[in-house]
Amino acid sequence: MLFDPKPKERKEDLFDREEELAELISSITKYPITLLLGIRRTGKSSIIKVSLNEIDAIGIYIDVRKAMKGGRVSEERLKLQLLGNIRRLRINIPGIKLEPTPLDMTDIFDLLNSYGRKRRKIIVLAFDEAQYFRFYGSRGGEDFLLAVAYSYDNHEWIRFLFSGSEVGLLHDFLGFDDSKAPLFGRIYNEITLEPFPRDLSIEFLREGFREVNLNVPQEHIEVAVDELDGVPGWLVEYGYHYVHTRDHREALERTLQNALSLIRSELSELERRSERYVAILKAISLGINRWSKIKEYVEAKHGSITNARFSALLKNLEKMSWIRAELKDGRKVYRIVDPVVERVIRS
Ligand code: ADP
Ligand code: MG
């Protein structure tokens, strides 16, 4: 069912995304570390789950939130989840009781790697909602990354996949641009999941309504896509409310309310990192879309800033999929990716 609000797990339930799925599977196979990015509700969790079911490898999916306890990621709970999978795979660890485990994270990676080597199967460790790793240990997740770096250097059968909300993931946890971060300089591949283009979004809603035998006027579908753009999660939510209320306005209203509040909380996350981020988004939403003009706007609000620092901020926003750079009449201009974000910022 397309309008099922949970992440999809089976390929049959995933609409389109053939190419992205193939790309993700190939990346997981080739690279020790893959980073799956994309704005909220574009279908990252879904495509991870489906890829783990499709790939010729042993996939272990871990939602980092499940290892949280009292606002922190508990190392014990994380290890238990990994060990649960070890048990499921019937990996023998002679003479060692699993609970409470004397094994540390690197021991567990060692075990998984030798299991993979024996079976000649790649082991994929997929960590979703990985931004929460910043609440692991006393150094913002660095201890976990050291274990990952150890595995990267020593384990040819293990692959890592990280995904989740981008602000926290890229800024606070991975620190790929930070030369002091444990993974600095190691090769990884980044994949960004984009929202659907307009025609596919329309097809998505049509298909979803067809599945539940509901005849919906084309006009409703088009208005919904105009308002919500191609973010699959919002389309699902609109479809879901529509099916239950049979009321286009109501369905759209509820979906927008949810989208707005989610985006507001992400914006405040962003603002905590730098208020200049929000000023940049504001400038672009006002139609100020060239590098130098945006910089002027930001400086007028928050004081002067070096070119390098300003470029870094723009780059980060691009990496986190808030904005995209494109060429217009031979000039580089920036635009905001999600129209709902634009609406929040202008309000
Ligand atoms: P993310 O992890 O990026 O926030 P999810 O995988 O949770 O996104 O997807 C958000 C919602 O959209 C879920 O209801 C999911 O079922 C739906 N969804 C996402 N992509 C697709 C797709 N390609 N086909 C069908 N449903 C999808
Ligand atoms: Mg998700």
Side-chain angles (χ1 to χ4, degrees), residues 1-8 14-17 20 37-47 165-167 192-212 214-270 278 280-289 317-318 320-324 326 328 333-347:
M1 271 257 297
L2 282 189
F3 293 160
D4 182 345
K6 287 196 289 294
K8 307 296 188 283
L14 201 66
F15 178 84
D16 193 71
R17 298 297 196 203
E20 290 90 341
L37 304 177
I39 55 174
R40 67 215 82 75
R41 325 256 325 128
T42 37
K44 298 180 296 296
S45 298
S46 300
I47 201 169
S165 148
E166 302 178 295
V167 179
T192 302
L193 198 59
E194 300 285 347
F196 292 139
R198 185 182 160 83
D199 51 340
L200 218 53
S201 307
I202 289 175
E203 185 49 38
F204 182 94
L205 287 179
R206 275 220 203 92
E207 177 70 29
F209 287 126
R210 202 179 298 134
E211 271 181 357
V212 292
L214 199 61
N215 230 331
V216 172
Q218 179 67 11
E219 187 207 326
H220 289 176
I221 291 183
E222 289 193 8
V223 170
V225 170
D226 286 340
E227 297 277 327
L228 302 170
D229 207 44
V231 178
W234 304 144
L235 299 176
V236 164
E237 200 169 324
Y238 166 77
Y240 182 89
H241 289 314
Y242 197 112
V243 171
H244 289 94
T245 62
R246 304 288 159 112
D247 182 334
H248 161 69
R249 275 277 129 223
E250 174 77 20
L252 195 56
E253 206 38 55
R254 285 197 198 178
T255 308
L256 277 171
Q257 279 316 319
N258 266 342
L260 292 177
S261 64
L262 192 58
I263 288 168
R264 278 201 194 98
S265 78
E266 280 195 356
L267 272 172
S268 64
E269 284 261 309
L270 201 60
V278 179
I280 292 173
L281 293 173
K282 184 112 196 171
I284 300 174
S285 76
L286 292 171
I288 302 168
N289 58 11
L317 282 174
E318 240 188 302
M320 294 184 277
S321 321
W322 289 89
I323 61 174
R324 283 273 168 275
E326 48 197 39
K328 205 166 157 191
V333 297
Y334 292 89
R335 68 175 176 85
I336 289 178
V337 175
D338 183 343
V340 188
V341 168
E342 226 169 342
R343 181 193 291 236
V344 175
I345 290 168
R346 268 196 255 118
S347 69

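Computed from a prediction, not measured in an experiment: that's the story for all the values here.
Contact record, P195 with T42: N-CG2, 4.0 Å, taken as the closest heavy-atom pair. Counting all heavy atoms, side chain and backbone alike, L205 lies closest to L235 at CD2-O, 3.6 Å. Taking every heavy atom of both residues into account, I284 and Y334 meet most closely at CG2-O, 3.5 Å.
Here D16 pairs with nothing under the salt bridge (Lys or Arg N to Asp or Glu O under 4.0 Å) rule; sequence neighbours left out. Every residue was checked against the salt bridge (Lys or Arg N to Asp or Glu O under 4.0 Å) condition with E237, not counting sequence neighbours, and none meets it. Every residue two or more places apart in sequence or in another chain was checked for a salt bridge (Lys or Arg N to Asp or Glu O under 4.0 Å) with R41, and none qualifies. Applying the salt bridge (Lys or Arg N to Asp or Glu O under 4.0 Å) criterion to E211, with sequence neighbours excluded, gives no partner residue. Listed by chain and residue number, nothing satisfies the side chain to side chain donor-acceptor pair (under 3.5 Å) test with S285 (two or more places apart in sequence, or in another chain).
Identified under the salt bridge (Lys or Arg N to Asp or Glu O under 4.0 Å) test for residues 336-347, with sequence neighbours left out: R40-D338, E227-R343, E342-R346.
Proximity of R335 to N289: side-chain heavy atoms (C-beta onward) are nowhere separated by under 4.5 Å. The shortest side-chain heavy-atom distance between E250 and H244 does not fall under the 4.5 Å cut-off. Looking only at side-chain heavy atoms (C-beta outward), F15 and K8 stay at 4.5 Å or farther from each other. Side-chain contact check for R17 versus S46: every heavy-atom pair is 4.5 Å or farther apart. For the pair V223 and R249, the minimum side-chain heavy-atom distance is below 4.5 Å. Between L252 and Y238 the shortest side-chain heavy-atom distance falls below 4.5 Å. Put simply, the side chain of L281 reaches to within 4.5 Å of the side chain of L267, judged on heavy atoms. Taking 4.5 Å as the limit, every side-chain heavy atom of Y240 sits out of range of all side-chain heavy atoms of T255.
Between Y242 and H220, the two ring planes are tilted [angle within 30° to 60°]. Using cut-offs of 30° and 60° on the angle between ring planes, the pair F204 and F3 is tilted.
The backbone N or O of K6 sits less than 3.5 Å from a side-chain atom of D4, completing a donor-acceptor pair.
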I would like to know whether L2 and F209 meet side-chain contact (heavy atoms from CB on, under 4.5 Å); could you show each step before the answer? CA-CA 9 Å; L2 282 189; F209 287 126; over 6 Å; no
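Ion pairing between a basic and an acidic side chain is recognised when a charged N comes within 4.0 Å of a carboxylate O; E20 and K44 show no such pairing.
By the neighbour-count criterion of 12 heavy atoms within 6.0 Å, atom CD of Q218 is densely surrounded, having more than that number from other residues, nucleotides or ligands.
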